[in-house]
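The structure under discussion appears below in the form of structure tokens.
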Amino acid sequence: MGWYVVKLIKLYSDYPNFKTINFKPSGFSFIAGCEQKKSETSTYNGVGKTLSIVLIDFCLGATALEDLKKINCNICLLVNINNQEFEFKRHTVNHKIIYIDGKDYTVEKFKKKLEDLLLIERQDNISLRTILPYFIRYKKSSFLDPIVTRKYNNSNKADYLSLVNVFYLLGLDTELLKKKQQNHKKLESAKNAKKSLEDNEIKSLLNSSNTNIDIELNILNRKLEEKIKLRDLYKVSDSYVDLKSELFEKRENLNDVTNKIEIIKSNLNKINISLEEKYDITMDELKKFYGNVFEVFPQNIIRELDEVEKFHNNLMKNRINRLSNSKIELTSTLKEKELKKEQLQKRIDYLYSILGTNGELLEYDVLNNEIDKINSQIAKYTSYKDNINLIDNRILKCTQDINSNNILANQYLTDNKLKIDELNKTFANLVVDLYGDETSGSISIQNNTANNTIQFEFQTKIKNDSSTGIGNSKILCFSTMLLFLNKVNIDFMIMDNKVLEGIASNQLANYFKAIHGTDDFQYIFTINQNEMNELKSKLGEDYKEIVADNIVLNLNDNGDEGKLLGTTVELDLQEK
């Protein structure tokens, strides 16, 4: 059990007739939907069992459900953290503020404060609120799979967020998961960048001619040389010398400006691509890489590493500043060149209007037009080639990084076989508690080399686990295992009675008997009368000690007084 631990003491409210729930300090606490008298209309739904869990989660910073505004009151949760009591109070209408012992916090600051109290260090995609759903299960989506606690993409399979939190809770390394996701995102970004650069004209040419960009550039350069030779031999009438000279000069200037515009655009694109690249390594990553060896480094070496880190960070900052300044300068220059191009074109059009009737000049201009067109194609193809090569190198680098990560993932599974075997043993023992030796349970962690964001395939298995009952058993055993491992100083587990559905009463009895002696933790369940009746027949004389003596609240539909709120309020508690 962790030193800084959190346990629940009681849930209460200033709502009239609200039934306070005083939780057992350890062991079981049952919130029961009880049967007052036999009746065909008797039901345990809508009396407040699930609502009690929703309100606990609400006080711990969960997203406020819109329907909670209907009850318009303060909800309070008294907790024990490291033998010190704290009151969390949150209003169902003004829910953006949560009070800790009377001091107000925004919801986000409350979450950070609670993480500090529990010594939970927030990481990328890992926080108290991403961890809690593994210990507080009441949403429908949290009963689909042991490691899936939220609804997304109309799929019940584990995503990156689920896996990184589960690995964290199991004490497994999350860095390989993070690297796979980051590298895959970079790869997809590079592929999308390449796709956005695709030019229909170039693509059509390369596909139809069964050629490549280098061959086409060679052909264009040869054509350019031939056209320039022909133009240099051409003669025009002396009577048009002045206008002709100006026109030729303007055409040359226009060609030069057009080429420079293409070069500037290409350079801007390269700068944009370079600004997306990140090359940084922090002291924390160095510490994680060297592990315990880092602790024996001499202090002067550590100071030097700090200085290297600061130097590297300053270098990166200067690089970004330099690139950003270059981008600003090039953008300004581009605008100037485009304005210059427009002015040249207007002057050329004017000269054409004067000299358009001269045959020699028109023929000469045909050559110039062809040269301009070839130059434009060369600039376009060269820019395309340079940018594609740059992006292809990024794609190769990302692919290389992904393959390297796959190798490291294989090595990690080999190096940590004993740790994984211990996790497997803990899970398997809980399955045996439920089903006996004839049913086996296991955890499977496999390297995933497929083209996606998931580095490891993680599965919990119980023999014949396709049925609802065994599926819920996996969830029950996995959540209990996370509680036993106690990696995050959370010493309670709250389960809605949905998790009991389909599990045979004798197996539930076995489970409750097995964990009854582990009194360091709180096991909070909602439970219905029919489930209690079945457990009573299976537990026999142990029923009183395990269940009856630990019912902390009896709820029923025998009038409003039997409900959690002491009145009937229609609330939609479903996740959206």
Verify, without hydrogens or angle tests, whether [X] (side chain) and [Y] (backbone) share a donor-acceptor contact under 3.5 angstrom.
X      : Y      : value
Thr92  : Cys73  : yes
Ser444 : Gln459 : no
Asn416 : Lys419 : no
Asn165 : Ile126 : no
Asn472 : Glu501 : yes
Ser29  : Lys24  : yes
Asn550 : Glu545 : yes
Asp560 : Gly566 : no
Asp159 : Ser162 : yes
Lys498 : Arg137 : no

A side-chain contact here means heavy atoms from C-beta on lying under 4.5 Å apart; do [X] and [Y] qualify?
X      : Y      : value
Tyr134 : Val166 : yes
Phe478 : Phe427 : yes
Ile56  : Phe23  : yes
Phe484 : Leu430 : yes
Val6   : Asn489 : no
Ile527 : Ile31  : no
Thr20  : Asn22  : yes
Tyr543 : Asp549 : no

- Item | Name of the residue among Leu118, Leu60, Val488 meeting side-chain contact (heavy atoms from CB on, under 4.5 Å) with Leu128 | Leu118
Once rounded to the nearest 0.5 Å, what's the spacing between atom [atom1] of [X] and atom [atom2] of [Y]?
X      : Y      : atom1 : atom2 : answer
Leu418 : Glu422 : CG    : CD    : 7.5 Å
Lys111 : Thr106 : NZ    : OG1   : 9.5 Å
Ser479 : Phe135 : OG    : CZ    : 8.0 Å
Leu77  : Lys89  : CG    : NZ    : 13.5 Å
Lys417 : Asn424 : NZ    : CG    : 9.5 Å
Thr174 : Phe167 : OG1   : CZ    : 9.5 Å

- Given Leu117 and Asn82, is the side chain to side chain contact (heavy atoms under 4.5 Å, CB included) satisfied, shown in steps? CA-CA 9 Å; Leu117 288 171; Asn82 197 32; over 6 Å; no
- Strictly under 6.0 Å, is that where the ring centroids of Phe110 and Phe88 end up? yes
- Under 6.0 Å between ring centres, would you say that holds for Phe456 and Tyr160? no
For a quick check under 3.5 Å, do [X] and [Y] share a side-chain donor-acceptor pair by atom type?
X      : Y      : value
Lys178 : Gln123 : yes
Asn510 : Asp433 : no
Asn447 : Gln455 : yes
Asn533 : Gln529 : yes
Asp491 : Asn486 : yes

- Task: Test Thr568 against Lys563 for side chain to side chain donor-acceptor pair (under 3.5 Å), laying out the working first.
- Result: CA-CA 8 Å; Thr568 300; Lys563 298 180 179 181; 3.0 Å; yes
- Message: Applying side chain to side chain contact (heavy atoms under 4.5 Å, CB included) to Asp401 and Lys186, what does each step give before you reach the verdict?
- Response: CA-CA 10 Å; Asp401 290 342; Lys186 289 180 182 178; 5.8 Å; no
- Item | Tyr99 six-ring face occupied by Arg90 cation (under 6.0 Å, within 45°) | no
- Query: Is NZ or CZ of Lys10 both nearer than 6.0 Å to the six-membered ring centre of Tyr12 and within 45° of the ring axis?
  - Reply: yes
If every non-hydrogen atom of [X] is compared with every non-hydrogen atom of [Y], which pair is closest and at what distance?
X      : Y      : answer
Ile551 : Met532 : CD1-SD, 3.8 Å
Lys49  : Ala32  : CD-C, 4.1 Å
Pro25  : Gln522 : O-CG, 3.6 Å
Cys477 : Leu434 : SG-CD1, 3.4 Å
Val499 : Ile503 : O-CD1, 3.3 Å
Arg122 : Ser127 : NE-CB, 3.9 Å

- Test side chain to side chain donor-acceptor pair (under 3.5 Å) on Asn452 and Asn448 and set out the steps. CA-CA 9 Å; Asn452 55 38; Asn448 177 15; 3.1 Å; yes
- Message: Taking atom NZ as the centre, does Lys513 end up with more than 12 heavy-atom neighbours from other residues, nucleotides or ligands that are less than 6.0 angstrom away?
- Response: yes
- May I ask you to decide if the ring planes of Tyr523 and Phe28 are parallel, tilted or perpendicular, using 30° and 60° as cut-offs? tilted
- Test side chain to side chain donor-acceptor pair (under 3.5 Å), reference Tyr138, set Asn497, Asp496, Asp57, output is Asp57
When you check the gap from the basic side-chain N to the acidic O, do [X] and [Y] get nearer than 4.0 Å?
X      : Y      : result
Glu121 : Lys487 : no
Lys536 : Asp542 : no
Lys112 : Asp116 : yes

- Start with the C-alpha distance between Tyr412 and Ile407, add both sets of side-chain angles, then the distance that settles side chain to side chain contact (heavy atoms under 4.5 Å, CB included), and finish with yes or no. CA-CA 9 Å; Tyr412 177 79; Ile407 294 171; over 6 Å; no
Residues 62-71, side-chain donor-acceptor partners within the protein, below 3.5 Å, at least two apart:
residue : atom : partner : partner atom : Å
Glu66   : OE2  : Lys69   : NZ           : 3.3
Asp67   : OD2  : Lys70   : NZ           : 3.3
Asp67   : OD2  : Asp572  : N            : 2.7
Lys70   : NZ   : Glu570  : O            : 2.9

- Task: I would like to know whether Ile75 and Leu11 meet side chain to side chain contact (heavy atoms under 4.5 Å, CB included); could you show each step before the answer?
- Result: CA-CA 8 Å; Ile75 305 297; Leu11 179 73; 3.9 Å; yes
